[in-house]
2 protein chains.
Amino acid sequence: MSDFDPQMLKGLLTLLLLSLLAERDDYGYSLVERLRAGGLGEVAEGTVYPALARVERSGYVATYHVPSDRGPARKYYRLSEAGRDELHARVDAWHRLAHVVEHFTKGIEL
Amino acid sequence: MSDFDPQMLKGLLTLLLLSLLAERDDYGYSLVERLRAGGLGEVAEGTVYPALARVERSGYVATYHVPSDRGPARKYYRLSEAGRDELHARVDAWHRLAHVVEHFTKGIEL
DNA sequence: CTAGGTACATGGCATCACTATGTAGTCGTG
DNA sequence: CACGACTACATAGTGATGCCATGTACCTAG
């Protein structure tokens, strides 16, 4: 249903992943499903896995493996202190950006 | 002051430019100043001019030149019908996206 | 004549989402 | 047992777009 301009999503995916991980530890495949259920269109796995690799390289998450009885082992991600800081910074940046966009777009629908 | 993650801006610049042009016809250099005054950080001219070239190629604007007594001739942009439609579509997409992000970020404890 | 503001434009770079593809474990059904 | 479907992770190549640096040119002030 709701399918967005891919360019509008840039940078936001990291914010959304960190938000989901702030709620609870989770693994990639499950995060994809949560993103889709949350109203983000057809998020591809090929988008999410590299994004998770980036946040891991940045030190925003730690990882651990848990075997599954429904398939291969799951790679869980846990938000680190640095990740929590980054999340708050990005939420703040998002709100500031949203206000700016609101400022520019208010009053156009006359 | 407010400097944003360049990635978060992706795709939004077109929306902001169309919004400004919905208010009134304007030229590139002036649009850069209006964006800066509106709270968007240090937007580079090298970002805005290619963006304007894109919206022109897409048929969202028509252009005309007006001589200036303070410098070279100004290239004015006027929103077309297609541009107005595109603007409304992008504003709508933005609101839907903002709603989704809000959904994912609400409930983040401090 | 030089400096600085005005005004437009381009080229190379980096980031990041998308598509397509590959690997592999588990389960239900024929 | 073979097969397809679902689960689960990962990478390579491509494209869109914002950023920086740079170039051109006009005008006014000192």
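Chain letters run A, B, ... following the sequence lines, proteins first and then strands; every chain starts at 1. Only this structure's heavy atoms are used, side chains among them; waters, hydrogens and symmetry mates stay out.
Heavy atoms of A/A73 sit under 4.0 angstrom from primed sugar atoms or phosphate atoms, though from no base atom.
Where A/G46 and B/T14 each meet DNA chain D at their nearest nucleotide, the meeting point lying more 5' is that of A/G46. Between B/E33 and A/A51, the residue anchored closer to the 5' end of DNA chain C is B/E33, taking for each the nucleotide with the nearest heavy atom. Each of A/D5 and A/Y77 was assigned the nucleotide of DNA chain D with the nearest heavy atom; the assignment lying further toward the 5' end belongs to A/Y77. If A/P6 and A/S68 are placed on DNA chain C by their nearest nucleotide, the residue sitting closer to the 5' end is A/P6.
Across every non-hydrogen atom of B/G28 and B/V48, the tightest pair is O-CG1, 4.4 Å. Nearest approach of A/F4 to B/L97, heavy atoms of both residues: CE2-N, 3.4 Å. Annotation for A/K106 and A/H103: closest pair CG-O, 3.7 Å, computed over non-hydrogen atoms. Residues B/G11 and B/R90 come closest through the heavy atom pair O-NH1, 3.4 Å.
Between the P atom of D/dT17 and the CE atom of B/M8 lies a distance of 18 Å, rounded to the nearest Å. Atom pair A/K75:NZ and C/dG25:C1' shows a separation of 17 Å (rounding to whole Å applied). At whole-Å resolution of the value, CZ in B/R36 and C1' in C/dT6 are 12 Å apart. Spacing between atom CG of A/L35 and atom P of C/dA17 amounts to 11 Å, rounded to whole angstrom units. Here the P atom of nucleotide D/dA10 and the OH atom of A/Y27 are 14 Å apart, to the nearest Å. One interatomic measurement links the two molecules: CD of A/E45 to P of D/dA12, which rounds to 17 Å at whole-angstrom precision. In this structure, the CZ atom of B/R54 is 12 Å from the C1' atom of D/dG15, given to the nearest Å. As rounded to whole Å, 15 Å separates atom C1' of C/dC16 from atom CG of A/L40.
To the nearest 0.5 Å, atoms OG1 (A/T47) and CD (A/E45) are separated by 10.0 Å.
Tested against B/I108 for a side-chain contact (heavy atoms from CB on, under 4.5 Å), the candidates A/R84, A/H88, A/E23 yield a single pass: A/H88. Evaluated for a side-chain contact (heavy atoms from CB on, under 4.5 Å) with B/V43, the options B/L16, B/L31, B/L35 yield exactly one hit, B/L35.
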- request: Report the C-alpha distance between B/Y64 and B/D25 in whole Å, list the side-chain angles of each, state the deciding distance to 0.1 Å, and finish with yes or no for side chain to side chain donor-acceptor pair (under 3.5 Å).
  value: CA-CA 10 Å; B/Y64 55 95; B/D25 290 12; 2.6 Å; yes
message: Show, in sequence, the C-alpha distance, side-chain angles and deciding distance for B/L52 and B/Y77, and conclude whether the side chain to side chain contact (heavy atoms under 4.5 Å, CB included) test is met.
response: CA-CA 8 Å; B/L52 288 170; B/Y77 296 85; 3.7 Å; yes
Got a list of protein N/O to nucleotides 28-30 of chain D N/O distances below 3.5 Å?
none

With 3.5 Å as the limit, what N/O pairs link the protein to nucleotides 13-15 of chain C?
| from | atom 1 | to | atom 2 | distance (Å) |
| --- | --- | --- | --- | --- |
| C/dT15 | O4' | B/Q7 | NE2 | 3.4 |
| C/dT15 | O3' | B/Q7 | NE2 | 3.3 |
| C/dT15 | O2 | B/K10 | NZ | 3.4 |

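The neighbour count for A/R70 CZ, taken as heavy atoms of other residues, nucleotides or ligands under 6.0 Å away, does not exceed 12.
Of the side-chain N and O atoms in B/Y29, one or more sit less than 4.0 angstrom from OP1 or OP2 of C/dT6. For B/T47 and D/dC19, the shortest distance from a side-chain N or O to OP1 or OP2 is below 4.0 Å.
Looking at the side chain of A/P72, the nearest of the listed nucleotides C/dG25, C/dA7, D/dA10 is C/dG25.
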